[in-house]
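Notes follow the structure.
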Amino acid sequence: MDIPETVAAAQRAVNAAWQAVEDHRKTVQAARDADPRVELKPGVLVVRPWAADEESTYARLHQAAVEAAEERARVMRESGIVSTYDNEVAIRTAARDAPEV
């Protein structure tokens, strides 16, 4: 199946959005691991909870990823592409193989 560039671009946007979520999660986890442990109860040390700004950034990035996925679904519908295993593989291949702009 030939995948339209609009669908491949939408997939790249989804990939980038979810990568941003994952990068943020890894950054926060590294910071938490580097911080001193906090005592949950006597004798039980744990990593600190996520800070409010970390949580809000995560929520914003996650929402952007969901919106990118919804946009991808819209573009797929407009292109007449149904989500099947073979189509999903083709979309992801097209997104990887397409030249960067």
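No hydrogens, no waters, no symmetry mates; every other heavy atom, side chains included, goes into these values.
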Subject >> ring pair (Phe, Tyr, Trp, His ring centres under 6.0 Å) pairs, two or more places apart, involving residues 14-39 >> reply: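 Every ring pair (Phe, Tyr, Trp, His ring centres under 6.0 Å) pair that includes a residue of residues 14-39, provided the two are not neighbours, is Trp18-His62, His24-Trp50.
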**OP:** Any ring pair (Phe, Tyr, Trp, His ring centres under 6.0 Å) involving residues 27-47? Give me the pairs, sequence neighbours left out, ordered by first then second residue.
**Re:** none
Original post:
Using a side-chain heavy atom cutoff under 4.5 Å and only I, L, V, M, F, W and Y, what cluster partners does Val82 have?
Top reply: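 Direct or chained contacts put Val82 with none.
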Subject >> Co-members of Val47 in a cluster of I, L, V, M, F, W and Y side chains, linked at under 4.5 Å >> reply: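 Val47 clusters with nothing; isolated.
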**OP:** Could you list all the salt bridge (Lys or Arg N to Asp or Glu O under 4.0 Å) pairs where at least one residue sits in residues 59-68, not counting sequence neighbours?
**Re:**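 Counting only pairs at least two positions apart or across chains, no salt bridge (Lys or Arg N to Asp or Glu O under 4.0 Å) contact touches residues 59-68.
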For [X], side-chain contact (heavy atoms from CB on, under 4.5 Å) partners two or more places apart:
X	answer
Ala90	Ile3
Ala9	Glu5, Arg12
Glu78	Arg74
Ala13	none

**OP:** Would you please name every residue forming a side-chain hydrogen bond (donor to acceptor under 3.5 Å, both in side chains) with Ser83, sequence neighbours left out?
**Re:**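 Ser83 satisfies side-chain hydrogen bond (donor to acceptor under 3.5 Å, both in side chains) with Glu88 only.
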Subject >> Set of side-chain hydrogen bond (donor to acceptor under 3.5 Å, both in side chains) partners for Asp33, sequence neighbours left out >> reply: Gln29
Which heavy-atom pair separates [X] from [Y] by the least distance, and what is that distance?
X	Y	value
Ala20	Leu61	O-CD1, 3.7 Å
Ala17	Ala65	CB-CA, 3.5 Å
Pro49	Val38	CD-CG2, 4.5 Å
Val14	Ala68	CG2-O, 3.3 Å

Subject >> CA sep, side-chain torsions, deciding dist, call: Ile91, Arg72, side chain to side chain contact (heavy atoms under 4.5 Å, CB included) >> reply: CA-CA 10 Å; Ile91 291 167; Arg72 174 189 177 268; 3.7 Å; yes
**OP:** Please round to the nearest 0.5 Å and tell me the distance separating atom CZ of Arg92 and atom CG of Asn87.
**Re:**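 Separation between the atoms: 11.0 Å.
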Subject >> Those residues that, when tested against Arg48, pass salt bridge (Lys or Arg N to Asp or Glu O under 4.0 Å) (two or more places apart) >> reply: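 If we apply the salt bridge (Lys or Arg N to Asp or Glu O under 4.0 Å) test to Arg48, skipping adjacent residues, the hits are Asp35, Glu54.
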